[in-house]
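Read the structure below first, then the notes.
The figures here come from the full heavy-atom set of this structure, side chains too, leaving out hydrogens, waters and symmetry mates. Whatever order the structure lists them in is the order used to number ligands and atoms, beginning at 1.
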Amino acid sequence: MLEPLLQLLLFILPAYMANSTPVIFGGGTPMDFGGKAWDGKRCLGDGKTWRGFAAGMAFGTLTGICESSLFGNPSYTYLGFLLAFGALTGDTFGSFFKRRLGMDRGHPTFLVDQLPFFAVALAIASPIYLPSWEGIMVLAVATYFLHAGTNLAANRLGLKKVPW
Ligand code: CTP
Ligand code: MG
């Protein structure tokens with residue numbers, strides 16, 4: 001059975017919040033503290049900061065808390081926390097991978113910018129809830145286009161230097 005799209009989007013919303021709020025609230029000390037990896041390139045780069053990570057955790061979990069009270073189901077709070085943690089960790093792995101490929105911060109990619117946050121969020125939240133395979137496919141496609149659309153909007157609004 002395919003879950004209604006709205007239900008799928010409400011489920012993944014904490015991951016979206018965790019992935020997008022660092023654009024507004026991030027900055028300051030980078031998560032790699034400026035450190036370089038074995039290849040002489042930055043471990044993660046200046047685009048991954050502790051403040052961004054903390055903001056993503058806070059807003060992602062807060063989204064879960066709101067869903068909990070909206071639906072009268074306390075497990076949305078824990079789900080929100082797990083989705084936020086997964087999204088931020090996946091995004092950080094994505095940057096690590098991009099740096100190892102020699103791409104500078106903000107370099108556009110096909111899939112590496114849009115997928116790791118989504119995949120790791122799903123994986124970490126899966127002990128609590130995992131949509132059907134059809135649902136995951138629908139969400140993956142929706143996430144790809146939403147990511148592209150919101151990043152373009154963030155660029156037009158002056159929040160992001162690059163439109164991807
Ligand atoms: N951000 C942050 N901390 C994080 C994640 C994101 O401060 N943990 C902020 C940074 O200002 C970053 C912006 O959100 O520039 C957009 O995030 P993202 O697109 O993931 O980073 P990029 O700058 O594109 O860097 P990368 O190439 O490493 O993905
Ligand atoms: Mg990026």
Assess whether atom [atom1] of [X] is packed by more than 12 heavy atoms of other residues, nucleotides or ligands within 6.0 Å.
X: Tyr144; atom1: OH; value: yes
X: Phe93; atom1: CZ; value: no
X: Phe11; atom1: CZ; value: yes
X: Phe71; atom1: CZ; value: yes

What protein heavy atom lies closest to [atom]? Include the residue and the distance to one decimal.
atom: atom 9 (C) of ligand 1; value: Pro22 O, 3.4 Å
atom: atom 19 (O) of ligand 1; value: Lys160 NZ, 3.5 Å
atom: atom 24 (O) of ligand 1; value: Gly106 CA, 3.3 Å
atom: atom 8 (N) of ligand 1; value: Thr49 O, 3.5 Å
atom: atom 11 (O) of ligand 1; value: Arg105 NH2, 3.5 Å

Contact bool for atom 17 (O) of ligand 1 (protein heavy atom, d < 4.0 Å):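 Protein heavy atoms within 4.0 Å of atom 17 (O) of ligand 1 - there are none.
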
Phe145 with Leu122, same ILVMFWY side-chain cluster at under 4.5 Å: no

NZ or CZ of Arg99 within 45° of Phe96 ring axis and under 6.0 Å: no

Donor-acceptor pair between Thr143 and Tyr16 side chains, under 3.5 angstrom: yes

Location of contacts on Met103 toward ligand 1, heavy atoms closer than 4.0 Å: neither

Part of Asp46 within contact of ligand 1 (heavy atoms, under 4.0 Å):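 It is neither part, as no heavy atom is under 4.0 Å.
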
Near [X], which atoms of ligand 1 are under 4.0 Å from a heavy atom of that residue?
X: Gly26; result: 7 (O)
X: Gly27; result: 7 (O)
X: Phe53; result: 8 (N)
X: Val23; result: 14 (O), 16 (C)
X: Lys98; result: 26 (P), 27 (O), 29 (O)
X: Asp91; result: 5 (C), 20 (O)

Partners passing side chain to side chain contact (heavy atoms under 4.5 Å, CB included) against Ser20 (at least two apart in sequence or in another chain): none

Lys48, Arg42, Met31, Met57: member with heavy atom nearest to atom 20 (O) of ligand 1: Lys48

Heavy-atom nearest neighbour of atom 1 (N) of ligand 1 within options Ser95, Gly52, Gly47: Gly47

Contact check, Gly45 vs ligand 1, heavy-atom distance below 4.0 Å: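 No heavy atom of Gly45 comes that close to ligand 1.
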
Non-hydrogen atom of Arg99 closer than 4.0 Å to ligand 1: yes

Nearest atoms (heavy-atom pairs only) where Ala87 meets Ala18: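 Closest approach of Ala87 to Ala18: CB-CB, 4.2 Å.
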
Summary of side-chain hydrogen bond (donor to acceptor under 3.5 Å, both in side chains) pairs that have at least one residue in residues 155-164, sequence neighbours excluded: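 Residue pairs with at least one partner in residues 155-164: there are none.
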
Asp32 and Arg42 ion-paired at < 4.0 Å: yes

